[in-house]
Structure formats: C-alpha cells, structure tokens
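Step one of this worksheet: look at the structure below.
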Amino acid sequence: MTEAEGVEDDEAKGPRREWPLPEADRPQPAGPEPEPIRVGVSACLLGRNVRYDGGHKEYRFLTRELARYVEFVPVCPEVEVGMPTPRPTIRLVRDDEAPGGQRLVCPSTGEDHSEAMRAFAEARVADLREQGLCGYVLKASSPSCGMERVRLYDRDMPSRTGVGMFAQVLLAEWPELPVEEEGRLHDPFLRETFLEAVFATARLRELFRGAWKTKDLVAFHTAEKLSLLAHDPEAYRELGRLVARQAELPRDELQATYSRRFLLAFRQPASRGRHVNVLQHMLGYFKDTLPSELRHEVLDLVEDFRAGLVPLAVPLTLLRHHVRAQGVAYLAGQTYLDPAPKRLKLRSVVI
Ligand code: SF4
C-alpha cells in the first residue's frame with residue numbers, strides 16, 4: 001500500500017472547508033448524508049432543571065460552542081430512574097460486598113437506589129450504543145454522573161474515591177467511548193484530547209456506516225496516519241498490519257478489531273514529543289522542493305513548539321501553507337491538519 005493511495009489532489013486547489021473536509025480526501029461515506037455527531041451529556045449541563053435542588057449547571061462551552069457541531073443526547077440518570085425534582089440529596093456509600101464496591105443511598109430517607117440505578121444504567125448504555133454516540137460529557141462530583149473523585153462515604157467520613165453509579169457502568173461497558181467531565185474540559189489540553197477523540201470516532205463511524213469496501217479502509221487508514229502517530233505510534237503500526245491482512249479476516253472481525261484499536265489510540269493524549277516527530281515527518285515531504293531558508297523557518301517554529309514557547313498551531317499553520325502552495329496531496333488529505341472544526345480552537349494553547 002502506498003501512503004498516497006485513496007487520496008486525491010484537490011485540497012491544494014481551493015480554500016479548505018471547516019468541517020467536514022473535502023470528500024475527495026476522505027473515504028466515501030456509506031449513506032447520502034453524514035449522520036449527526038451524537039454526544040451524550042449529563043442533562044443538567046445543557047441547562048435543564050433536573051438537579052436535586054430544581055436547578056441546572058449549564059456549561060456554556062457545550063451549549064454555545066460544541067452545540068454548533070454535535071447533537072447532544074441528554075441523560076439525567078436520577079430523573080430517568082424515577083426520582084422527583086427537586087429531591088432529597090443522595091450519596092455514595094462504601095460497601096465492599098456491593099457491585100462496584102459502593103451503594104447509592106438517600107441519607108434522609110434511608111432509601112437504597114443502587115439496584116434500580118445499576119439496572120437503568122445498563123439498559124441506557126446499551127440504548128446509547130445503538131444511537132452511535134461519539135462521546136460523552138459527564139457532570140463532575142455527582143454520585144450518579146461523576147467520572148472520578150466523587151465523595152464516597154464510609155461511616156459518615158467521605159473520601160474522594162467514588163465514581164458516580166451511572167458513570168461507573170458507562171465507563172466499564174464502553175471503554176473506547178471518549179468520556180470527559182465538564183470540570184476537566186476547562187483544561188485546554190484535556191479538552192483538545194477529548195474533542196479530537198470525538199471527531200475521530202465520528203469519522204470512523206462514517207466509514208463503517210454502510211457497505212464499506214477494502215479500498216475505503218485503506219484510504220481511511222492512510223488519511224489517519226499522522227493523527228495516529230501523534231497519539232499512539234504503536235497503534236498505527238498494529239492497524240497497518242491489520243489493514244494489510246484484511247483479505248484474510250472475516251469482515252465483522254476486521255471492523256470490530258480495527259475500530260477498537262483505533263478508538264483506544266485516541267484515548268492516549270498526543271504528546272509534545274510525538275507532535276514534533278509528526279511535524280518533522282511532514283517537513284520531510286518538502287526535502288527537495290522547499291528552499292533551505294523556508295525549511296529552516298519551519299524548523300525554527302518546530303523547535304519553538306518543542307521548547308513550549310508557541311502552540312502547535314504556529315508551525316502547523318506554516319506547514320499547511322506549504323502543503324497548499326505545493327499541492328502535496330498526501331499531506332493535504334491528513335486528518336491531522338483539520339482534526340475538528342476551526343472554531344473549537346484546537347492546538348492554540350502552549351502544551
Ligand atoms: S449530575 Fe447527572 S443525575 Fe445529577 S442532575 Fe445532572 S444529569 Fe441528573
């Protein structure tokens with residue numbers, strides 16, 4: 001397989017579209033229209049008045065920014081399991097005998113919601129899988145939705161070691177799904193990692209949505225090369241071996257194995273060092289075509305990025321310019337250059 005297989009030379013001829021990237025540079029979608037990118041979310045983060053006190057915790061990054069590009073699937077486990085709004089507070093209590101080592105109880109009434117919540121969560125997660133979610137944003141610290149460091153009571157003394165009961169099932173049943181808490185999304189690096197994974201999941205889902213062909217998987221893998229190298233180089237190599245053997249494998253097995261490994265690769269945060277390797281790899285394509293002073297201009301910016309002086313967007317913007325100016329089709333087709341819509345401002349902070 002050559003690196004340029006499946007990638008055509010249209011990208012350099014016109015302005016880049018924000019999202020999705022030009023069809024000619026991507027595996028063809030299985031259906032006539034791309035499906036919306038569905039993201040599960042704790043309903044209170046969308047401004048729904050479902051909290052125990054009758055209020056909400058709207059997170060404006062979701063409602064004002066991300067909502068432009070995704071279709072949210074709101075879930076309030078407490079309301080959906082039948083609790084009223086407003087309602088008495090509930091908490092996680094340590095119980096080493098219980099599934100997951102914790103129970104969900106209402107201290108004021110003594111009611112135990114554990115079994116109902118666990119049964120609900122298992123059914124709801126299966127339903128969300130059917131809907132093809134590409135990510136999930138959970139409300140931090142909630143005994144139902146919190147992803148980590150939720151108060152877990154042991155004889156009235158809380159430790160920050162619990163996991164919300166719905167979140168616990170979601171994470172266990174669906175380890176490849178990109179999941180984050182709203183509090184952690186304030187961190188630009190964690191936000192970027194999450195968003196990259198969400199949009200990569202959407203691309204993968206589009207590839208496998210219908211009657212994909214061998215050449216589609218080859219083109220997809222080719223276009224994802226630099227993104228995979230930035231996250232998990234070993235995954236890129238493993239997936240490459242899988243693509244090369246695709247004729248030997250049952251189709252379902254190939255799809256499942258490729259999907260799982262691909263998605264887990266994007267759960268690995270891209271590191272500064274791996275980005276530097278990718279940038280240098282890109283620059284290699286200009287070895288014979290770019291004058292030395294222009295190559296050094298890029299190299300200086302790569303070194304500035306390596307030193308933590310500028311964000312990735314700085315050397316990448318210059319490289320993107322050369323990719324377009326010289327019509328380097330293989331690079332133009334890389335998802336690494338446009339991992340998500342521009343307005344989400346990925347790669348614009350120093351990491
Ligand atoms: S944190 Fe979860 S359970 Fe609590 S109000 Fe929000 S969506 Fe509902």
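Start at 1 and go down the list; that is how both ligands and their atoms are numbered. For clarity, every value in this text was computed on a predicted model and none was experimentally measured.
Against a heavy-atom cut-off of under 4.0 Å, K139 is close to the following atoms of ligand 1: 1 (S). Numbered from 1 in the order shown, with element, the atoms of ligand 1 that lie under 4.0 Å from a heavy atom of A43 read 7 (S). Per-residue contacts place P77 under 4.0 angstrom from the following atoms of ligand 1 (heavy atoms of the residue considered): 2 (Fe), 3 (S). Here is the list of ligand 1 atoms found below 4.0 Å of a heavy atom in V50: 5 (S). Using a 4.0 Å cut-off to heavy atoms of S42, the atoms of ligand 1 that qualify are 7 (S). Atoms of ligand 1 lying under 4.0 Å from any heavy atom of V75, numbered from 1 in the order shown and given with element: 7 (S). Each of the following atoms of ligand 1 lies closer than 4.0 Å to a heavy atom of C145: 1 (S), 2 (Fe), 3 (S), 7 (S). Near R87, with a cut-off below 4.0 Å to any heavy atom, the atoms of ligand 1 are 5 (S).
By heavy-atom distance, the residue among G55, S142, G146 lying nearest atom 1 (S) of ligand 1 is S142.
Other residues, nucleotides and ligands place no more than 12 heavy atoms under 6.0 Å from the CD atom of E130.
Taking the centre of each ring, H221 and Y258 come in below the 6.0 Å mark. For Y59 and H186, the ring centers are positioned less than 6.0 Å apart. Annotation: H275 is in aromatic contact with Y336 [ring centroid separation under 6.0 Å].
Relative ring orientation between Y136 and F166 is described as tilted, the plane-to-plane angle lying within the 30° to 60° band.
Atom 6 (Fe) of ligand 1 has as its closest protein heavy atom C44 SG, 2.3 Å.
Contact between E80 and ligand 1 is absent, with no heavy atom of the residue lying under 4.0 Å from the ligand.
A donor-acceptor pair under 3.5 Å is absent between the side-chain atoms of E181 and the main chain of V137, judged by distance alone.
Taking the centre and axis of the six-membered ring of Y52, the NZ or CZ atom of R87 falls outside the cone set by 45° and 6.0 Å.
Applying side chain to side chain contact (heavy atoms under 4.5 Å, CB included) to L152 and the options R103, R94, M157 leaves one that passes, R94.
For C76, the nearest N, O or S atom to atom 8 (Fe) of ligand 1 falls under 2.8 Å.
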